[in-house]
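First comes the structure, then the notes that go with it.
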Amino acid sequence: MPVRVQASDFDAGAEIARVTAGRTDIGAIVTFTGTVRGAAHGEPINAITLEHYPGMTEAELERIEALAHERWPLQAATIIHRIGRLTPGENIVLVVTASAHRQAAFEAAEFLMDYLKTDAPFWKKEELASGNAHWVDARDTDTTARDRWAGSTEVKPD
Amino acid sequence: MPVRVQASDFDAGAEIARVTAGRTDIGAIVTFTGTVRGAAHGEPINAITLEHYPGMTEAELERIEALAHERWPLQAATIIHRIGRLTPGENIVLVVTASAHRQAAFEAAEFLMDYLKTDAPFWKKEELASGNAHWVDARDTDTTARDRWAGSTEVKPD
Amino acid sequence: MTDKAGQPVKLRYFAWVREKVGRGEEDVTLPATVVSVADLIAWQSTRGPEYAEAFSAGQRVVRAAIDQRHVKPDAHVASAREIAFFPPVTGG
Amino acid sequence: MTDKAGQPVKLRYFAWVREKVGRGEEDVTLPATVVSVADLIAWQSTRGPEYAEAFSAGQRVVRAAIDQRHVKPDAHVASAREIAFFPPVTGG
């Protein structure tokens, strides 16, 4: 199950174990865990709610993962993204990459996060401590981060 | 205990939990785990043995960690390195970095690994399946990887 | 001549697009004049105040997917079974 | 004139340097002619076949640390209490 969208939490250590179990051809495992911060633009938040596009989400994550496998010699790549209401400190997303060498594992993990941030159909709504709630705006820096990975042939919206 | 040198194994998930417990100012956690590969240059190996320089090892790891804290806004950075005899598939090294944003966490983890590979006084001996044992040679690519982080003021051997 | 039976398609809405439109999905028949995603967005903006709020020029940018693949505004809708509208994504 | 009491220092060896020298550490008194790490390496290579094997020019490169800090060959040994010799590191 290299790609999962779920309400429940995940355990990075367990996912590393799942990827490496019984193998001796892996030398480097990188994980990225994204968590809910307790403040947004200096204002405390109570929670975020993650909406997604069932079906397309899984298809996009699988597409992104396939792109990573094309670019780097990976023994494994895992993407887990939570949905629903999450409070500060909770996990949001986990990426795990495994390769023989560290550079491939690091680059592939960054690549997966950069593409996930711009291409995977998730939307985040913040509930502020003040009682207001708003949809988070996309950041230009995320598009910039994705676009540093030259060579994608995928047609993307501007 | 942000820096540890130990014979015993570690658990990346537990180290993430240790770093994030009770905090809501972290948004991104990166881990790097290095493991023993079952072959070296195509030849099967039975085990590796890691020797180190007690005292200097800890001092170097603390120095490297302090350099990372100077360069990136990190909530935490952990380095754990095992010593002694390790068999294929076993963990060797763990780096954990935590920051508000993913770029700092990724870069700091790569930085810590690059410096650890060239500056921390560990030496690896490989026991080949053939019965021969030899000390692993340092790789020029590791020095190249470290040297991409411009701005270190440390005097290093050529 | 242009008034032959239009194309049936499922429209889906997410995040603030869904909230403005007031529903998550609907089945519609597209007029034959709607060729591209940009045409469809223009048509949507004429369907009532809640649609105008979501789709009029000057509103925040809306992205589209056809049959669960991201597309640009000039993509053709001719063979689409499902077209989704949503803000730029903000997961991760 | 040069034969006054030399400098006492602990020398430590790691990895294949330790194996070639045949010990992990020793206390020595450095002759006054040894000023730099490079001088010390040259002196070491004269102390017997096992030292020559580890320290002679033409052998694999040996790195040094003074009081547990990496140093270059031109570093001065004057105030050193502990000088270590080892191959380029290979951890991680």
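Chain letters run A, B, ... following the sequence lines, proteins first and then strands; every chain starts at 1.
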Check your understanding: So B:R63 and D:R69, side chain to side chain contact (heavy atoms under 4.5 Å, CB included) or not? Walk me through it.
Key -> CA-CA 10 Å; B:R63 182 180 71 79; D:R69 309 261 311 174; 3.8 Å; yes
Revision key, fill the gap. Applying a strict 4.5 Å limit to non-hydrogen atoms, the region of B:H134 in contact with chain D is neither
Review point. Can you check whether D:P87's main-chain N or O pairs, donor with acceptor, with B:W123's side chain at less than 3.5 Å?
Key: yes
Review point. Around atom CD of B:Q103, are there more than 12 heavy atoms of other residues, nucleotides or ligands at under 6.0 Å?
Key: no
Check your understanding: Looking at D:R60, D:E19, D:R12, which makes the most heavy-atom pairs under 4.5 Å with chain B?
Key -> D:E19
Point to revise | Contact summary for B:W135 and D:R18, nearest pair of heavy atoms | key: CZ2-NH2, 3.8 Å
Check your understanding: Can you name the residues of residues 37-48 of chain D that have some heavy atom under 4.5 Å away from a heavy atom in chain B?
Key -> none
**Study point:** Leading residue by heavy atom contact count with chain D [cutoff under 4.5 Å; candidates B:K125, B:M113, B:K117]
**Key:** B:K117
Review point. Are D:F14 and B:P121 close enough that some pair of their side-chain heavy atoms sits under 4.5 Å apart?
Key: no
Check your understanding: How close do B:Y53 and D:A84 get, heavy atom to heavy atom, and via which atoms?
Key -> CE1-CB, 3.3 Å
**Study point:** Whether B:K124 side chain and D:G92 backbone form a donor-acceptor pair below 3.5 Å
**Key:** yes
Review point. For D:A65, is it the side chain, the backbone, both, or neither that has a heavy atom closer than 4.5 Å to a heavy atom of chain B?
Key: side chain
Review point. Would a distance-only check, ignoring hydrogens and angles, find a side-chain to backbone donor-acceptor pair under 3.5 Å from D:T90 to B:A138?
Key: no
Review point. Do D:E82 and B:M56 come close enough that some side-chain heavy atom pair is under 4.5 Å?
Key: no
Review point. Above 12 or not: heavy atoms from other molecules or residues under 6.0 Å from CG of B:D140?
Key: no
Point to revise | Any donor-acceptor N/O pair, D:H70 side chain to B:D119 backbone, under 3.5 Å | key: yes
Check your understanding: Side chain, backbone, both or neither: which part of B:D137 has a heavy atom under 4.5 Å from chain D?
Key -> both
